[in-house]
Amino acid sequence: MHKAKSKHFILTTGIILLVAVGLAGLFLYRLHSKTTFSGNNPQTDDGKMANDLLRLSAEDYEAVLLSMHSPDQFQEEDFSSFRELNTFVTSHAILNTSEISAYLDCILHSGNAITNLYLCLDPELLWTTVRQKPADWNSSLQNHLYSYMEAYPDITFEILLPYPYIDYWLDLKEDKLDTLLTLYHTLTAELCAYPNVKVFFPGAEYWLMVNPDNYTDTYFDANEIITQKLFLSAFCDGLYQITPENEDSCWNSLRELIAREKASPTFYPDLSDWCLVFFGDSVLGNFPGSFSIPGYVAGLSNAAVYNYAAGGSSGASHGEDTLDFPNIIDDFLTENTSPSDSGLIFTPEGNDTEKLSRKKLCFIINYGFNDYFSGSRIENPQKPYDTTTYKGGLRTCIAKLQAAFPDAGFILVTPTHTDYFNQGMDKNGTEGDIFPAYINAARELAEELNLSFIDNYNDYIITAENLGEYLSDTCHPNEQGRLLLATTLMYFIHEEMTD
């Protein structure tokens, strides 16, 4: 079907730029259409403020989150679990600084011992509500916000600035863009003058702003998984903090990114006629939703995506109760296929199977790290389908998939470099080999079975010298690394597998 291929993909200019979630079972999701945005910066009264104030007057809490955009994706449980703070997340999307001070007065006179106030502020909305008058901007912020920071020095004010989808910035005319970036700069500089204030801005992160599936129905409201990721990164780990020392470089970097994308937009292939099914380990399975590798493929290419990867999974089987590839493939075929006149068809539960039937089916298979780490034997020459070996497990599972879906495409993908075990040069176990041997075995298997092949170890931008830039722990890719790996896959399908 497809001859084994290995090609070095250098990504287009502009690309280079959660925490790992342990999965006890298979994590399955599907993303099949791009997010549709309202495209505006909404500011309408949702009618929820009065109830917020009643509850704030009556309930016990140590911290409060207020937001000028929808606060729905922030979870009080996250503050309790990760910050050990009993936190009240308000329901109302605040309209102006007068409402901020009304909330603050209620909170500070509630009788609760407040330690932290989390404020999601939008400079554009603050500017709009004072009719774009500089004098009113200064007096409004002083009277309704800064005065509280001065009066309550023992309370930590943590400010999260907006992180909109990239089209918000690209749609702006140059004069408005200049005005907004000046507002962001001005507000940040003023806030940073207070010792009890921390300002966070993740909005220049390309991995975040480029994927429409990271957002809900507006340019500004991220989905729950992304919101939790930003909560953990900013409020817990202190990432994306703006200081007087890095402020200029932050806004300059954002301006340069916007200018580059306006002048030469990054191209992502349209794979809307593909259905992609992923099997693999934690590189695919431990990062849920829209900022995983499959999630980026879905959001940026419009492919229908199904992810059956699981943390800790290997190509070889290590026992009946593991989530290794040989142990899940029979259940996958039983639960996700249906008979038809021409054989089996892929029919994942609860999805539009008629629409899927018109798409080209392709399986992406990415194993190797855990086989190396656990010291799996690479192959049993006397028993080529020995599922306790790396090649035997992959060979067995791929043969079953090929029998079920003879017209499907298959891409065998290798792991990247790792710094573990002397950069993969140590052997593990009594039958294990060095890491490059597993990469070579995958290549051999792709040639034997006539599979397409992506060598992320030998033919890629992630090398032994730059692991810290793309991997979070010298094994699992960080946000930038996952976007790069996803883009490599998209280009491979577009350039090598599309008629």
Side-chain angles (χ1 to χ4, degrees), residues 14 17 37-44 66-70 93-100 119-142 144-146 158-193 197-212 214-222 226 230 234 240-244 246-266:
L17 285 168
F37 296 114
S38 63
N40 62 350
N41 194 350
Q43 192 174 22
T44 57
L66 310 171
S67 178
M68 298 190 77
H69 291 289
S70 173
I94 291 174
L95 302 176
N96 50 51
T97 54
S98 295
E99 290 190 351
I100 293 176
L119 307 179
C120 302
L121 302 179
D122 187 329
E124 181 185 3
L125 296 183
L126 292 172
W127 181 242
T128 302
T129 59
V130 296
R131 301 174 301 281
Q132 304 181 25
K133 295 182 178 180
D136 291 345
W137 162 279
N138 292 328
S139 62
S140 177
L141 288 171
Q142 178 60 42
H144 299 293
L145 181 59
Y146 301 155
E158 302 194 45
I159 313 297
L160 184 62
L161 298 180
Y163 33 91
Y165 176 54
I166 193 169
D167 278 5
Y168 166 74
W169 298 109
L170 298 180
D171 289 346
L172 296 175
K173 294 182 178 180
E174 197 63 31
D175 57 344
K176 186 170 183 180
L177 176 62
D178 287 339
T179 298
L180 286 182
L181 291 180
T182 299
L183 289 173
Y184 273 74
H185 191 143
T186 301
L187 179 62
T188 304
E190 293 171 347
L191 290 169
C192 287
V197 174
K198 297 178 181 179
V199 182
F200 302 96
F201 178 64
E205 295 294 317
Y206 188 81
W207 67 265
L208 168 63
M209 61 197 305
V210 73
N211 187 3
N214 285 341
Y215 298 85
T216 54
D217 58 348
T218 77
Y219 285 164
F220 289 84
D221 297 318
I226 295 298
L230 297 177
Y240 315 129
Q241 185 171 355
I242 305 298
T243 65
N246 68 12
E247 186 188 11
D248 283 340
S249 63
C250 173
W251 308 126
N252 288 337
S253 295
L254 177 59
R255 185 183 292 275
E256 291 170 2
L257 188 158
I258 296 166
R260 183 171 60 246
E261 288 298 315
K262 281 188 174 184
S264 181
T266 301

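Residue numbers count from 1 along this sequence. Being a predicted model, the structure only gives us computed values, none of them experimental.
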Original post:
Rounded to the nearest 0.5 Å, what separation is found between the CD1 atom of Ile159 and the CD1 atom of Ile242?
Top reply: 13.0 Å
Original post:
Parallel, tilted or perpendicular for His185 and Trp251, by the 30°/60° rule?
Top reply: tilted
Original post:
Quick one: does Ser264's side chain have a donor or acceptor within less than 3.5 Å of a partner on Arg260's backbone?
Top reply: no
**OP:** Walk me through it: do Tyr240 and Tyr163 pass the test ring-ring contact (aromatic ring centres under 6.0 Å, His included)?
**Re:** CA-CA 11 Å; Tyr240 315 129; Tyr163 33 91; 9.2 Å; no
**OP:** Could you check if a side-chain atom of Ile94 sits within less than 4.5 angstrom of a side-chain atom of Leu119, using non-hydrogen atoms only?
**Re:** no
**OP:** Of all the heavy-atom pairs spanning Lys262 and Leu172, show the shortest one and how long it is.
**Re:** NZ-O, 2.7 Å
Subject >> From OG1 (Thr97) to CE (Met68), nearest 0.5 Å >> reply: 8.0 Å
Subject >> Qualifying residue, where the test is side chain to side chain contact (heavy atoms under 4.5 Å, CB included) with Phe201 and the options are Leu254, Thr188, Leu160 >> reply: Leu254
Original post:
To the nearest 0.5 Å, what is the distance between CH2 (Trp127) and CG (Leu187)?
Top reply: 12.0 Å
Subject >> N/O donor-acceptor pair under 3.5 Å between Asn214 side chain and Leu208 backbone >> reply: yes
Original post:
Are any of the side-chain heavy atoms of Asp178 and Arg255 separated by less than 4.5 Å?
Top reply: yes
Original post:
Hey, does His144 have a side-chain heavy atom less than 4.5 Å from the side chain of Asn96?
Top reply: no
Subject >> Short side-chain donor-acceptor distance under 3.5 Å, Thr218 and Asp221 >> reply: yes
**OP:** Could you walk me through whether Tyr165 and Met209 pass side-chain contact (heavy atoms from CB on, under 4.5 Å), step by step?
**Re:** CA-CA 5 Å; Tyr165 176 54; Met209 61 197 305; 5.6 Å; no
**OP:** Check for a donor-acceptor pair, side chain of Asp167 on one end and backbone N or O of Leu170 on the other, with a separation under 3.5 Å.
**Re:** no
Subject >> N/O donor-acceptor pair under 3.5 Å between Thr129 side chain and Leu126 backbone >> reply: yes
